[in-house]
There are 2 protein chains.
Amino acid sequence: MTAITGTASAERRAELLATAAEVFAAQGYNATTVRRIADEAGMLAGSLYYHFDSKESMLDEILSAFLDELWTGYDTVLAAGLGPREAIGALVTQSFRQIDRHGPAVAIYQRESRHLSAQPRFAYLADSQLKFENAWLRTLERGVAEGAFRGDLDVRLVYRFVRDTVWVAASWYRPGGTHSPEEIARQYLSMVLAGITTKT
Amino acid sequence: MTAITGTASAERRAELLATAAEVFAAQGYNATTVRRIADEAGMLAGSLYYHFDSKESMLDEILSAFLDELWTGYDTVLAAGLGPREAIGALVTQSFRQIDRHGPAVAIYQRESRHLSAQPRFAYLADSQLKFENAWLRTLERGVAEGAFRGDLDVRLVYRFVRDTVWVAASWYRPGGTHSPEEIARQYLSMVLAGITTKT
DNA sequence: CTCCTTCCCTAACAAGTGTTTGGTAGATTA
DNA sequence: TAATCTACCAAACACTTGTTAGGGAAGGAG
């Protein structure tokens, strides 16, 4: 029955992609050999090509799946019509949830996105990055205009500051630790919004 | 005369290491071929081996030279006996100066440090990271104890927050831009210390 | 039982990798 | 002028890389 085997093979695909993502995240895409992935999956290198066209296809599928889910969450937040401060909060929280779920994918994205986006196949990475930047910048500027955020700072610098502080967390965050993604998001937000010094 | 040729060849070494560092930073260490480096330097791949033992030696020299200079600056700051808030400020400023000077090296360090430190040859990366963590953590804890920093935050989280926010800047910072490293450090510090919201 | 699909293995390929070896033009030294 | 040294080139080496082609065991379908 093609329906049953279809979902079964889809599950196997996802399984293989998950292990591939972990190795990519740990070693880097270029440093990862197809034989290592196969090893981790308990099979031989050639067998991977029954499921995937190429090593690059795996990377593509990992990244695009992650970005799809990311933007589903982001678009919901952006369409909710929140105030600047609440919007930033929701975006940060949403980001940490993605880190919690797609940890390896986030790490890969951060590491390889820059030089990958030059490749036509991965042009959607640049698109996403631009859309991302616009969403954050507009929210920040709106916040400055409404007096919620400080106006004495370079907005682009603030953007990069917030963006980086959130996403780099993927490099050390491990699911199932002492802090839930929501708790980490809460503390991060508190630092970004109010600073780490006492208010005297 | 060995003295003159000695410094001349030392200059050539530094020159080659600088171009190697740029390529490593742009493409990643593993994705960079020795032929690409040689090409960028205007010579053939084999010729590099007149100056260096191996590709790994180049990486080693780049990273250790960077760390040496970094710790020279850090140790000066840490020995100055500053208050917690001033110490953090000095450390951040110092870090941005390093990014300004050793941009490529910093980028390489961030990207490859994790999996390199497992290798015995690069064990000093792990040592440095530990020393780094201790310096920051102690300063932060001292600040909390003295009431300069907030006590309602997880100190380790604060550490990673500050550390990451500073060093990721290397991924987008380019020397000779609109902002000097000191100006960027000033604004970053202002955000980290006081937050991005208006104090109402 | 037979056929067929699924999923993997075995074995190899061509291209690209870091590295080595021997040579050589040109400057430096004696 | 002869000898030596410096900094590179030319060509190959052994090895790893992603990828492919053919085969075969297992199990469901007819």
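Quick note on labels: first sequence line is chain A, next is B, and so on, each numbered from 1.
Between the P atom of D:dT6 and the CG atom of B:L16 lies a distance of 16 Å, rounded to the nearest Å. At whole-Å resolution of the value, NZ in A:K55 and P in D:dT17 are 9 Å apart. The interatomic distance linking B:M58 (CE) with C:dT19 (C1') rounds to 11 Å, in whole Å. Here C:dT17 presents its P atom at 11 Å from CG of A:N30, a figure rounded to the nearest Å. If you measure from atom CG of A:L44 to atom P of D:dT19, you get 16 Å, rounded to the nearest angstrom. Rounded to whole Å, the distance from CZ on B:R36 to P on C:dG18 is 13 Å. Whole-Å rounding puts the A:L48 CG to C:dT6 C1' distance at 16 Å. In this structure, B:F24 places its CZ atom 12 Å from C1' of C:dG18, rounding to the nearest Å.
Comparing A:G42 and B:V34 against DNA chain C, the residue whose closest nucleotide sits nearer the 5' end is A:G42.
With rounding to the nearest 0.5 Å, the separation of CD in B:E133 from CZ in B:R138 is 11.0 Å.
Between B:S54 and C:dG18 there is no side-chain N or O to OP1 or OP2 distance below 4.0 Å. Of the side-chain N and O atoms in B:R12, one or more sit less than 4.0 angstrom from OP1 or OP2 of D:dC8. Phosphate proximity of C:dC8 to A:Y50: absent, as no side-chain N or O sits under 4.0 Å from OP1 or OP2. Within the structure, a side-chain polar atom (N or O) of A:S47 is placed less than 4.0 Å from OP1 or OP2 of C:dC9. The shortest distance between the side-chain N/O atoms of A:H51 and the OP1/OP2 oxygens of C:dC8 is below 4.0 Å.
The shortest side-chain heavy-atom distance between A:E40 and A:E22 does not fall under the 4.5 Å cut-off.
When distances run from any side-chain atom of A:M43 to the nucleotides D:dC9, C:dT19, C:dC8, the shortest one goes to C:dC8. Considering only the side chain of A:Y49, D:dT20 comes nearest among D:dC8, D:dA10, D:dT20. Nearest to the side chain of B:A45, among C:dT19, C:dC9, D:dT17, sits C:dT19.
Listed here is the closest heavy atom pair of A:A107 and A:A170: N-CB, 4.5 Å.
Remark: aromatic rings of B:Y74 and B:F132 are close, center separation under 6.0 Å.
For the pair A:R160 and B:W172, the cation sits on the ring face: its NZ or CZ lies under 6.0 Å from the ring centre, inside 45° of the axis.
Backbone-only contact: A:T32 has heavy atoms under 4.0 Å from sugar-phosphate atoms and none from a base.
At a cut-off of 3.5 angstrom, the base of C:dG18 holds at least one donor-acceptor pair with the side chain of B:R35.
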